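I have placed the structure first, in the form of structure tokens, so that the comments after it can refer back to it.
Only a predicted model underlies this, so the values are computations on that prediction, with no experimental measurement involved. When a ligand or atom number is given, it counts from 1 through the structure's own listing order. If you read the sequence from its start, that first residue is 1, and numbering goes on from there.
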Amino acid sequence: MSWGLHSLLVATLPYLPKRLVGLFARRYIPGETEHDALVVTEDLNRQGFEVTLDILGEHVQHESEAAGVAAAYVHLYHSIAERGLRANVSLKPTHLGLDLGFQIGEANLAQVLDAAAATDNFMRLDMEDSRRTDDTLVLYRDCLQRYPWVGPVLQAYLHRSRDDLAALMSPQLNVRLCKGIYLESPDVALQDEQAIRDNYLALVHQGFEGGAYLAIATHDRALIDAVEAHIRSRNIPPSRFEFQVLYGVPMAGKLEALLTKGYTVRVYLPFGETWYDYSLRRLQENPKMVRYILRNLLRK
Ligand code: FDA
């Protein structure tokens, strides 16, 4: 899609009725409430999928809002436990107040981590844009000192990620690898799709060699095939990795095929009241998103 067409679409989006945008968003976001998300989680669990739940939002501007987000995550951990769901939690540090100051983000995160520990569950720290990478990795290390069941995300498009992986490496490491969703400049991030894919595979090789548990988060089926080929050639057991996808992205039977092979497949399920602003911001930031959504709608 040309930048011109993308700009036109993005400029038009805020003027579309929210209900119309909601029709498109529903495919990717199951609802506004925790209850909506837990119902879908139950269904995904029944189909054999694990889930990671994310409350939509980022860059909160008020301390009270960040505290409310922390409370909602604490509640979510307890709801998952009460319902016996196979689900963990993914969260964004700026949603918990990182932009308001490191200590604020850290304190809110500590509360959520306590709930993860109390319910014996895992916590994933999503990775945001490159201005937050250092702080997010410091937060991860802080959390790890208090509770082992926590994991970071590394983005294959960042030039720094192989060094970051080397620095984080330990048999205890549970890291999600993704390509990276934010628009970054060439001095911090690879721009070429094939170069990003190659770096992703290099991270996979490095991660397995170092003994880490890898969450392979991608919809790129050729990349999934390449990872699978590596897994087979090295006899890497399924207990060392899982595949992850975003809820609603069409995968043409690939996920069921992975389940049949005995692999773990986890679906990232975002929910929340801010779905509209969040969806618009994502679309405005990244032309790829508009292209994906249009393509998927046409396919439908
Ligand atoms: P690619 O971009 O090549 O997409 C392959 C195909 O998948 C596309 O052709 C399209 O058909 C489809 N597709 C991909 N994304 C889609 C979408 N959103 N909607 C519709 N169709 C889509 N990023 C980040 O910076 N920080 C993070 O913490 C995370 N966390 C995360 C968790 C999980 C579970 C996943 C799957 C992804 C992320 N990401 C992320 C996003 C990731 O970085 C990346 O931008 C997207 O997954 C798209 O890249 P792919 O690897 O899927 O390949």
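- When each of R132, H59, Q103 is paired with L98, the side-chain contact (heavy atoms from CB on, under 4.5 Å) condition holds for R132 and for no other.
- Look at Y28 and you'll find a heavy atom under 4.0 Å from some atom of ligand 1.
- If you look at V245 next to ligand 1, the close heavy atoms, those under 4.0 Å, all belong to the backbone.
- With respect to the salt-bridge test (charged N to carboxylate O, under 4.0 angstrom), the residues E228 and K254 qualify.
- Under the 3.5 Å distance criterion, with hydrogens and angles disregarded, a donor-acceptor pair is assigned to the side chains of Y213 and E242.
- By the 3.5 Å distance cut-off applied to N or O atoms, Q155 is counted among the residues near ligand 1.
- Those atoms of ligand 1 that come under 4.0 Å of a heavy atom in V249, given as number and element, are 12 (C), 13 (N), 16 (C), 17 (C), 19 (N), 20 (C), 21 (N), 22 (C).
- Classification of the H205-H230 ring pair by plane angle, with boundaries at 30° and 60°, yields parallel.
- Contacts between R266 and ligand 1, counted as non-hydrogen atom pairs separated by less than 4.0 Å, are absent for every part of the residue.
- No side-chain donor-acceptor contact under 3.5 Å links T52 and Q244.
- Salt bridge R46/D43: present, at least one basic N to carboxylate O contact under 4.0 Å.
- Two residues are said to be in side-chain contact when any heavy atoms from C-beta on lie closer than 4.5 Å; L38 and S79 meet this criterion.
- Between the choices A156, A217, C178, the shortest heavy-atom distance to atom 29 (C) of ligand 1 belongs to C178.
- Taking only nitrogen or oxygen atoms, main chain and side chain alike, Y268 does not reach within less than 3.5 Å of ligand 1.
- Heavy atoms from other residues, nucleotides or ligands lying under 6.0 Å from CD of E63 number 12 at most.
- Looking at Y157 next to ligand 1, no N or O pair under 3.5 Å apart turns up.
- Residue contacts with ligand 1, taken as heavy atom pairs separated by less than 4.0 Å, involve T218 via backbone and side-chain atoms alike.
- Residue D126 has at least one heavy-atom neighbour below 4.0 Å for each of these atoms of ligand 1: 28 (O).
- Neither the backbone nor the side chain of E128 comes within contact range of ligand 1; no heavy atom lies under 4.0 Å.
- Heavy-atom contacts from other residues, nucleotides or ligands closer than 6.0 Å to CD of E273 number 12 or fewer.
- The residue from R124, H219, E242 that puts a heavy atom closest to atom 47 (O) of ligand 1 is H219.
- In summary, the atoms of ligand 1 found under 4.0 Å from a heavy atom of Y182, numbered by their order in the structure, are 25 (O).
- For ligand 1, the polar-atom distance check finds no N/O of E193 at less than 3.5 Å from any of the ligand's N/O atoms.
- Within the structure, ligand 1 lacks K92 among the residues with a heavy atom less than 4.0 angstrom away.
- Those atoms of ligand 1 with a heavy atom of G180 less than 4.0 angstrom away are 25 (O), 42 (C), 43 (O), 45 (O).
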Practice item. Before giving the answer on side chain to side chain donor-acceptor pair (under 3.5 Å), spell out for S90 and R176 the whole-Å C-alpha distance, their side-chain angles and the decisive distance to 0.1 Å. Key: CA-CA 11 Å; S90 292; R176 176 194 294 153; 2.9 Å; yes
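- Side-chain contact annotation: D164 with S161, donor-acceptor N/O pair under 3.5 Å absent.
- Annotation: M127 places an N or O atom under 3.5 Å from an N or O atom of ligand 1; distance criterion only.
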